[in-house]
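All chains are named by letter (A, B, ...) in the order of the sequence lines, taking the proteins before the strands, and each is independently numbered beginning at 1. Nothing here was measured: the structure is a model prediction, and the numbers come from that model.
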2 protein chains.
Amino acid sequence: MVETARDDPRGRPAAERVQRPQARTTERREAVLKAAMNVFGARGYNKGALVEVAEQAGMTHAGVLHHFGSKEGLLVAMLKYRDGEEVAGVPARAQTEGPAFLQHLVDTVEENTHRRGVVQAYSVLSGESVTDGHPAHDYFQERFHILRAKIAGVLGEVSGSTDEQELIDAASSLIAIMDGLQVQWLLEPEAIDMPRILSRTIDELVDRLRATA
Amino acid sequence: MVETARDDPRGRPAAERVQRPQARTTERREAVLKAAMNVFGARGYNKGALVEVAEQAGMTHAGVLHHFGSKEGLLVAMLKYRDGEEVAGVPARAQTEGPAFLQHLVDTVEENTHRRGVVQAYSVLSGESVTDGHPAHDYFQERFHILRAKIAGVLGEVSGSTDEQELIDAASSLIAIMDGLQVQWLLEPEAIDMPRILSRTIDELVDRLRATA
DNA sequence: ACACACTTACTGACTTGTAAGTAAGTTCGT
DNA sequence: ACGAACTTACTTACAAGTCAGTAAGTGTGT
């Protein structure tokens, strides 16, 4: 008994739920989230309009607001959702460790070559996120912080190096290369071979770290 | 005689000039351009409003449109203007050659550490530029294309390598690192030492290329 | 005299968000 | 097993604001 008032009846209900959501609600919300990826990816958060998101999800913009409370709420939910599935094909939550993780990075980049929309959404949003008071600011700040630590750890394992600063620097470089290449690739796809460059860079980086270990 | 209708009476007049601009016009336009850097840098192109640009330049938004014709015209003019001066302190047009150019890159990044606004403008705009039909799309596409060729050339000179593909890949990496680091730095400045990482990367890159030369 | 460098005033197109209403689903007392 | 009471999942309609762009006018420099 004790009624345990579940304050989280599935997901992150913007309009506070008291009962539980209906059967098909989850998939409807997912449709909205996917539409948001499309729209925010194609036009950016600022220029992306709720009406267009709603249209693609088959409802009105008021319906979208019913689910996510505000445009900002939708963005945040979308960002979290994206994390949950990573890139469809790749195992997502599969938190690979050690050298496998570095291969996982290359695989993901390879996958991304066939998912322009995802890459575009990421590039646009991370760029926008540095503007004053952008709703995705905290998300990207945290994401980079965690990613750097994770990659530095793996690089340490693989190379045997224990120079923390150098490991973090190397991790920062790796992330920077991946992100920077995406923008160049989006603007001139034939000119940039992302997987090749990344995999080369990783090899060099590990070699360098091993040398000073 | 013959009236030689000069179709470019100084600058890029959006509202087509017939006579020649007045004395203080150039500096007024420059004030607008600088304001545009501020506003588009802080808010992005889409969210940046002409009224705010105008305010900072000491006129109304209609005055800005008088000079640049449209918001898009202002952006393009701003981008060109920025190229003309690069970063205030650094010699700008000084098209350094050879190894000096690589040092110039590091110096510029060092300078940028003290010019957050410039870095933010660049990051936001280049991110936005990949969206559908963005007015800065062509600018950044061309910029990356030229920069890659330039850097690849310099790397070839310095390392002695003649492997075109490898030189272009290395150039792409360098640019990607600089751009990618900027975003991370903007989000967490204390965590990222841009000049140190860049200069380290350049050394490694040159060494690698020299080895296979 | 006439173009230039603006300003004021206004329009129209979009935007996000809210309010109110409706149909369908869920829960629960009996 | 049934219906009242209530929620959820929307819709239509609207409020309120923001913004780029235009038109017409005013003063000033050459």
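- Rounded to a whole Å, the CG atom of A:Leu74 is 15 Å from the P atom of C:dT15.
- Per the geometry, NZ belonging to A:Lys47 stands 9 Å off P belonging to C:dT15, to the nearest Å.
- For B:Leu50 and C:dC6, the CG to C1' distance is 15 Å, given to the nearest whole Å.
- Atom-to-atom, CG of B:Leu65 to P of C:dT7 comes out at 11 Å; the value is rounded to the nearest Å.
- Listed by chain and number, the residues in a salt bridge (charged side-chain N to carboxylate O under 4.0 Å, His left out) with B:Arg148 are A:Glu188 (sequence neighbours excluded).
- Across all non-hydrogen atoms, the minimal contact from A:Gly44 to B:Thr131 is N-CG2, 3.9 Å.
- In this view, B:Glu30 and B:Lys34 satisfy the salt bridge (charged side-chain N to carboxylate O under 4.0 Å, His left out) rule, not counting sequence neighbours.
- Considering only residues two or more places apart in sequence or on other chains, A:Arg196 meets the salt bridge (charged side-chain N to carboxylate O under 4.0 Å, His left out) condition with A:Asp193, B:Asp169.
- Spacing between atom CZ of B:Phe40 and atom P of D:dA20 amounts to 8 Å, rounded to whole angstrom units.
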Restricting to nitrogen or oxygen on both sides, can you table the protein-nucleotides 10-12 of chain D pairs closer than 3.5 Å?
{"residue": "D:dC10", "atom": "OP1", "partner": "A:Arg28", "partner atom": "NH1", "Å": "3.3"}
{"residue": "D:dC10", "atom": "OP2", "partner": "A:His67", "partner atom": "NE2", "Å": "2.9"}
{"residue": "D:dT11", "atom": "OP1", "partner": "A:Thr60", "partner atom": "N", "Å": "3.4"}
{"residue": "D:dT11", "atom": "OP2", "partner": "A:Thr60", "partner atom": "N", "Å": "2.8"}
{"residue": "D:dT11", "atom": "OP2", "partner": "A:Thr60", "partner atom": "OG1", "Å": "2.5"}

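- Protein atom CD of B:Glu52 is 13 Å distant from nucleotide atom P of D:dT18, rounded to whole Å.
- The interatomic distance linking A:Leu75 (CG) with C:dT16 (C1') rounds to 14 Å, in whole Å.
- Backbone-only engagement by B:Gly48 is indicated by non-hydrogen atom pairs under 4.0 Å involving sugar-phosphate atoms exclusively.
- With rounding to whole Å, A:Lys71 atom NZ is found 19 Å from D:dG17 atom P.
- The ring pair (Phe, Tyr, Trp, His ring centres under 6.0 Å) check on B:Tyr139 picks up nothing, with sequence neighbours excluded.
- B:Gln182 meets the side-chain hydrogen bond (donor to acceptor under 3.5 Å, both in side chains) test with no other residue; sequence neighbours excluded.
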